[in-house]
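Reckoned from all heavy atoms, side chains included, excluding hydrogens, waters and symmetry mates. A note on names: the letters A, B, ... follow the listed sequences, proteins ahead of strands, and every chain is numbered from 1.
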Amino acid sequence: MSSFKQYSILPGFNLALGFTLLYLSLIVLIPLSAAFIRTAELTWPEFWSIATTPRVLASYRLTFGASFAAATVNAFFGLLVAWVLVRYHFPGKKIVDALVDLPFALPTAVAGIALTALYAGNGWIGQFLEPLGIKVAFTPLGIFVALTFIGLPFVVRTVQPVLEDIETELEEAAATLGANRWQTFTRVIFPALYPALMTGFALAFARAIGEYGSVIFIAGNMPMISEITPLLIITKLEQYDYAGATALSVVMLVISFTLLLIINLLQWWSRRRSMQA
Amino acid sequence: MVEPAPQHASLRTIMTTTITFPLAGKTFRQRATQEPVWVRRSLIGLALVFLTLFLFVPLISVFYEALKKGMEVYVAAITDPDAVSAIKLTLLVAAIAVPLNLIFGIAAAWAIAKFEFRGKNLLITLIDLPFSVSPVVSGLIYVLVFGLQGWLGPWLAEHDLKIIFAVPGIVLATVFVTVPFIARELIPLMQAQGTEEEEAAVVLGASGWQTFYHVTLPNIKWGLLYGAILCNARAMGEFGAVSVVSGHIRGSTNTMPLHVEILYNEYNFAAAFAVASLLALLALVTLALKTLIEFRNKQHQKQRGLE
Amino acid sequence: MSIEVISLSKQFGTFTALHDVSLQVHSGELLALLGPSGSGKTTLLRVIAGLETADSGQVLFHGEDATDQHVRDRQVGFVFQHYALFRNMTIFQNVAFGLNVRPKKFRPSKEEIHDRVMKLLHLVQLDWLADRYPHQLSGGQRQRIALARALAVEPKVLLLDEPFGALDAKVRKELRSWLRRLHDDMHITSVFVTHDQEEALEVADRVVVMNEGRIEQVGTPDEVYDQPANPFVYEFLGNVNLFHSRLHRGRAWIGDLEVDVPEHAEAEELVAIAYVRPHEIEVERTQNGEAALAAQIVHILSVGPIVRLELVRENDKERHPVHAEISKERFRELQLTKGEKVFIKPRRLDLFPNYPQSQLKH
């Protein structure tokens, strides 16, 4: 018996694992490695100069800044929505609960044009903001709005199950020990939710970094001002600057994988927390 | 970008072990640990205002904008030959991508959930990888492999085969971004179900296929359907990755989301929203089916938990 | 059909589940594998079934080597700990499964299958549940269906993994005697795993006591209970009192009490552990001129027809409790009350000289 796999009487391991590895290699691993291998054709100074031109740096700042802001807003409102959905009853709750996943299900291009129409100067929402001097569509603020939309379900859906599992006994214990509601929330409930909240935040952030479809319609896409990194990759590609596009995509891949690692660690932490509880 | 870990998490809690009995003393219990009415109402109000602004209004606006110019314009937009060919292509792409990932999901989940082997966690992470890749990058990597400048580009050109800026490229990019959906639903589900039933079947003399067909498949069919629905929604709605590899050739390599973009950029808003409304409808149907399956699982769990 | 197990060893990583285990299961007997969790009993059962492979050793069925035979070909019936009923099939379909998956040439006709399944359901007294689903059944009913399903393929050997483990006390008792009766009727060679000594002693023809991957003792229930081979078996089977004693040329001393132990005539100045079962301790109000240990009653617990006394020996500074069980009549006769001084004397004891202290539970 090999030490690679424990004995089992169930059949099909070799077939299933073989197919899985073949499929993953062909569809995911080999194409992904292409980005790294093509980038390796560049020298380090070449790579560095491509990845740090002022226009590219501006796109990083915008992408990260807007993603961070959107994820932060989502952390706050996501927690609120999860709390309200788990703890309170109100008419239409089931429908609201189901619609929270809309940003997962709605194609990003549709979200993009809808948000643009809403926040344009003559749009339903934009018409009220314009007189106040607030321009949303075709500005970085618009990017923030789009990223908030697409990141909304992440925090809600990671916090919700954890909140459902918190035993009321814990809160009752706090109450019998003399804590008021606010103290109970900040000292008992919030610490239990914290890992899940961080996971949700990281998921929303990671999604926002790579987002393209919902952003490009509302962003205005002005170099140095409202141009996100994914768009810059496409722009380079359309100018047949393959080296530039590939180098930027490697930067994005490295960031994504780092975030993936962080998310895995957070989830591991979250699971451990909830198991100890 | 990282996709729906949460849905997956909520499904897991529903489908696996946690059995919540309706607490007899719940109403009495909650009183000691509940906020004052005004706090509750304000929190509900604030949450609903936020959701209304960011979710409901955008959703409604899609349909409003689509029908603003009347039913005729709407019907004309979605029966336009280019729109029809975009719809057909979208359906075709989904019809290839979903079954492929379905087979992959079953194979991966069978290997991962029913056997113990080294490197399993690494494999699970690899399956999740496409969720964390930006859609634009997902498209680009296929250009690097199959494009004219790519590894196989010259060979493909020689043999007059076109993958990038053609349907095969669109299919590949779509398959890439939807790889994890079904596998991630099935893995935790099948792990929770364990191997005892399959072992019992084999001891009773069933062959591998008989075991899978008679024992495993019926137990995972709802998880399978759930994953397939989410996978389908993403496959039909994918924009970034497909946009990179499609070439935007009207009537030939345009999917519905790409067609929406073209119409929008041509300031043909009514038509753009008309096609978008079909995609929004797809999203709503997806959510409805998803909710239905979750509801069914909860009922099922309750029924089994209370015997 | 007889089963023979020859020096099986099995390692899970650094954990030794089976350590050179050999065992003979006679044709038609009902054998219990008894031991604490982690003792290797379930692994042994699964290796016999073919659900696991051993690292080394052999399994013979009826004298023929079955070590490399696939579980499908071993013709064993296996009852899983959590029943493993197919949740998507009715009870009838569950029991019929093993027959339905046979290749066409070996598959009985539809009518035959129906008859056989109904007969089995009748045997386990659950024919009225044929159209239900597993989740609609109680634990005890599911267990009986699991058994019927295993029997449907007419196995040569029946293997049961903790068959009553997941049931509540009352159902356990009922099912136990039911299984015993069923076995008496069918006489199929059966092996079951349990961690419950009462269950093993009550149901099995023979009991195999296992610990840390080894077999400690094999014997009839009376043998293992009355003549435990070593301290582990003693402590695992039933309550027991432990006394430290000195042993010298056929005589042992526990405190002031001197006892004849002719079987240890050769012993020279040894330290030994003495085991006495609570019901083998005699309690007297007076010493009657015989050798006895003085003790004080610290607790009295009356359970049905039996009274349990907790005592502490005089001069025992560590105050180790000594447990004694006497009948209610005897208790009334003696008119004992808490705090009183009495004399105790073991009616029977077993001595284990030089047993390493680290192996003991207390």
- Query: Are A:Phe13 and B:Phe117 close enough that their ring centres sit under 6.0 Å apart?
  - Reply: yes

- Message: Using 0.5 Å steps for rounding, measure from the CG atom of B:Leu140 to the NZ atom of A:Lys236.
- Response: 12.5 Å

- Query: Under 4.5 Å between any side-chain heavy atoms of B:Pro58 and A:Leu118, yes or no?
  - Reply: yes

- Sort out for me which residue in B:Asn101, B:Ile103, B:Ile127 forms a side-chain contact (heavy atoms from CB on, under 4.5 Å) with A:Tyr23. B:Asn101

- Item | A:Tyr88: which of B:Glu35, B:Arg40, B:Arg41 passes side-chain hydrogen bond (donor to acceptor under 3.5 Å, both in side chains) | B:Glu35

- Task: Output the option from A:Leu248, A:Leu231, A:Ile37 having the highest count of non-hydrogen pairs under 4.5 Å with chain B.
- Result: A:Ile37

- Can you say whether B:Leu55 sits under 4.5 Å from chain A via the side chain, the backbone, both, or neither, judging by heavy atoms? both

- Query: Heavy-atom distance under 4.5 Å to chain B: side chain of A:Phe257, backbone, both or neither?
  - Reply: side chain

- Examine whether an atom of A:Thr246 lies under 4.5 Å from a heavy atom of chain B, and if so say whether it belongs to the side chain, the backbone or both; otherwise answer neither. both

- Query: Does B:Leu279 reach the side chain of A:Leu106, with side-chain heavy atoms less than 4.5 Å apart?
  - Reply: no

- Among the listed options A:Pro107, A:Ser33, A:Ala111, the residue most often paired with chain B at heavy-atom distances under 4.5 Å: A:Pro107

- Query: Side chain of A:Ser256, backbone of B:Ser132: donor and acceptor closer than 3.5 Å?
  - Reply: yes

- Message: Using a 4.5 angstrom heavy-atom cutoff, name the option from A:Leu253, A:Leu99, A:Leu21 with the most pairs to chain B.
- Response: A:Leu99

- Please state whether the side chain, the backbone, both or neither of A:Val250 comes within less than 4.5 Å of a heavy atom of chain B. neither

- So which of A:Leu261, A:Thr108, A:Ile209, A:Val28 has the largest heavy-atom pair count under 4.5 angstrom toward chain B? A:Val28

- Query: For A:Ile27, does its backbone N or O pair with a side-chain atom of B:Tyr142 as donor and acceptor, under 3.5 Å?
  - Reply: yes

- Message: Please classify the contact of A:Ile125 with chain B as side chain, backbone, both or neither, using a heavy-atom distance under 4.5 Å.
- Response: side chain

- Message: Looking at every heavy atom in both A:Gly213 and B:Phe239, which two are closest together, and how far apart are they?
- Response: CA-CD2, 3.3 Å

- Bottom line for A:Ile216: the part with an atom under 4.5 Å from chain B's heavy atoms is side chain

- Structural part of A:Asp97 lying under 4.5 Å from a heavy atom of chain B: neither

- Message: Report which part of B:Phe54 has an atom under 4.5 Å of a heavy atom belonging to chain A: side chain, backbone, both, or neither.
- Response: both

- Item | B:Ile106 versus chain A, the contacting section by heavy-atom distance below 4.5 Å | neither

- Note on the structure: The interface call for B:Leu100 against chain A, heavy-atom contacts under 4.5 Å, is both

- Per-residue contact mode, A:Trp83 against chain B (heavy atom under 4.5 angstrom): side chain

- Message: With a 4.5 Å cut-off on side-chain heavy atoms, are B:Trp151 and A:Ile30 touching?
- Response: yes

- Item | B:Ser61 portion near chain A, given a 4.5 angstrom heavy-atom threshold | both

- Query: Parallel, tilted or perpendicular: which fits the ring planes of B:Tyr64 and A:Trp124, with parallel below 30° and perpendicular above 60°?
  - Reply: tilted

- Query: Below 4.5 Å, heavy atoms only, C-beta onward: do B:Thr286 and A:Asp101 meet side chain to side chain?
  - Reply: no

- Item | Engaged part of B:Phe176 at the chain A interface, taking heavy atoms whose separation is under 4.5 Å | both

- Item | Best-contacting candidate, A:Leu102, A:Leu15, A:Leu85, A:Leu115, against chain B by heavy atom pairs under 4.5 angstrom | A:Leu102

- Atom group of B:Glu199 that falls short of 4.5 Å from chain A, counting heavy atoms: both

- Query: Heavy-atom distance under 4.5 Å to chain A: side chain of B:Val143, backbone, both or neither?
  - Reply: side chain

- Taking side chain as C-beta onward, heavy atoms only, is A:Leu24 less than 4.5 Å from B:Phe104? yes

- Part of B:Phe146 lying under 4.5 Å from any heavy atom of chain A: neither

- List the atom of B:Trp110, the atom of A:Ala16, and the distance in Å for their closest heavy-atom pair. CD1-CB, 3.8 Å

